[in-house]
There are 2 protein chains.
Amino acid sequence: MALEHAILVSLLEKPGSGYELARRFDRSIGYFWTATHQQIYRVLRRMDGDGLLEVREVAQQGRPDKKEYSVAAPGRAALTAWLHEPVEPESIRHELAVKIRGAAFDEPSALISEVERHREAHDDRLRHYLAGERRDFGGPDAPRPLDVGQELQHAVLRGGIAFERMTVAWLDDVLDTLRRLRAARPGSRD
Amino acid sequence: MALEHAILVSLLEKPGSGYELARRFDRSIGYFWTATHQQIYRVLRRMDGDGLLEVREVAQQGRPDKKEYSVAAPGRAALTAWLHEPVEPESIRHELAVKIRGAAFDEPSALISEVERHREAHDDRLRHYLAGERRDFGGPDAPRPLDVGQELQHAVLRGGIAFERMTVAWLDDVLDTLRRLRAARPGSRD
DNA sequence: CTTGTCTATGCAACAAGTTGCATAGAAAGA
DNA sequence: TCTTTCTATGCAACTTGTTGCATAGACAAG
């Protein structure tokens, strides 16, 4: 279960509550793994029950109390064990691609605005990642920070940037194709 | 549920049995959606119960009988409806990226062979896609086949090719980073 | 003073996906 | 002949992930 390991990594980087983790999963960790708060709370409780975590009740002023989790020794051991065993290369799951192929059985040009919307969403994410790169790492070829954690975080972020760039370019390609099809067979329903 | 729609698209492209669908999900449809045979059989039965499909028992020589599914009118309507409603832009889920970030809390160079393995797997897929492109579409800039379905299938395949190319390049980048870290802090455990 | 947003945690029900196992005839190879 | 592989379908149990709802105090805007 990779959510468990993503939580261990995130808590090793910095201890925090379920709520804080949920927000990290909307940002940096979310570059490569997503989770809702319900899922996170459930898994945190299980991991705590398994002795992988330590909890500390933290009283706050002007806010509800929170449970701050950190990684216990068995949690760190579990992460190390997982790091040393192979995982399967993952396949993509892209709903939009299903739609694009399905457009052959409908009006292909009906998909143009949908693809445009996705293109903009990926472009937004790309710009967000690039802003984060400038902020946290001083740009793509900054002088090396010489901190292992930062180096690896930057390498993962470069992956997110490459993914979004590639996706935007591909969706532009798809839009070209859809527009060409629309021009060639106007009003046709195939 | 996108598996349902992926099945509708695949059956519209060509009717087939659950077994045949499962094999297509290991190939062309599998470029962007994966499913096991158990999942496919279960969903096929539900879709049949919902009246989206038509079944035909086909006797075969030298092989077990099969149930050949094709799309009924309500199935086609369901696909059209789905094509016209928006879907959310998807996020990636990349277990290897979790590992890379986790490597900061272990020996980073222990990950090198794992990343190399993934790099080769993605490179294999890339070559497989490129071979399919040559076979089915005559290469990246073949004369336009002028068939809507083929155009769209090619556009999706180009997306798969772009994804694998990007991934291989990124993993090379990650390998550079890991090797640099190994050279800089030999035998260190962070 | 009410509505909305933010922090913070959680239950219950459901949907989707995975894993292990079972059956069964035909063909192919050792 | 025995084992393996391929075609073909399916059940049962389990894990993972999603959706809807609930609570509750603090704060800000109208």
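In what follows, every chain begins at residue 1, and chains take the letters A, B, ... in the order their sequences are listed. Just so you know, these numbers come straight off a predicted model, no measurement behind them.
- A salt bridge links A:E20 with A:K66: the distance from a Lys NZ or Arg NE/NH1/NH2 to an Asp or Glu carboxylate oxygen falls below 4.0 Å.
- Taking atom CD1 of residue B:I40 and atom P of nucleotide C:dT18, one finds them 11 Å apart after rounding to whole Å.
- Map A:T34 and A:P64 each onto its nearest nucleotide of DNA chain D; the residue landing nearer the 5' end is A:T34.
- Here the C1' atom of nucleotide C:dT23 and the CG atom of B:D65 are 15 Å apart, to the nearest Å.
- Remark: C1' of D:dT9 and CZ of B:R63 are 15 Å apart, rounded to the nearest angstrom.
- No option in A:F32, A:W82, A:W33 other than A:W82 meets the ring-ring contact (aromatic ring centres under 6.0 Å, His included) test with A:H5.
- No donor-acceptor contact under 3.5 Å links the side chain of A:R42 to the base of C:dT9.
- Residues passing the side chain to side chain contact (heavy atoms under 4.5 Å, CB included) test with A:A77: none are found, sequence neighbours excluded.
- A heavy-atom distance below 4.0 Å to DNA chain D is reached by these residues of residues 8-29 of chain B, ordered by number: B:S17, B:G18, B:Y19, B:R23.
- Using a 4.0 Å cut-off, some side-chain N or O of A:R93 falls inside it from OP1 or OP2 of C:dG17.
- Within the 4.5 Å cutoff, no side-chain heavy atoms of B:E151 are placed close to those of B:H154.
- On a pure distance criterion of 3.5 Å, a polar donor-acceptor pair joins the side chain of A:Q38 and the base of C:dG10.
- A salt bridge is absent between B:R93 and A:E90; no separation between the charged side-chain nitrogens and carboxylate oxygens falls under 4.0 Å.
- The listed nucleotides are C:dA8, D:dT9, C:dG10; the one nearest the side chain of B:K67 is D:dT9.
- If you find the closest nucleotide of DNA chain D to A:W33 and to A:H37, the one lying nearer the 5' end belongs to A:W33.
- Distance from the side chain of A:Y41 is smallest for C:dA8 among the nucleotides D:dT16, C:dA8, C:dT18.
- Atom-to-atom, CD of B:E90 to C1' of D:dT18 comes out at 14 Å; the value is rounded to the nearest Å.
- Here the C1' atom of nucleotide C:dT19 and the CD atom of B:Q39 are 12 Å apart, to the nearest Å.
- In this structure, the CG atom of B:L44 is 9 Å from the P atom of D:dT9, given to the nearest Å.
- What separates CG of B:D48 from P of D:dT9 is a distance of 13 Å, to the nearest Å.
- When the P atom of C:dA15 is taken as reference, atom CD of B:E4 falls 12 Å away, rounded to whole Å.
- Applying the 4.0 Å criterion to OP1 and OP2 of D:dT7, one finds that B:Q60 has every side-chain N and O outside that range.
- Electrostatic pairing of B:D26 and B:R23 does not count as a salt bridge here, judged by no charged N lying under 4.0 Å from a carboxylate O.
- Between the side chains of B:R119 and B:T167, not a single donor N or O lies within less than 3.5 Å of an accepting N or O.
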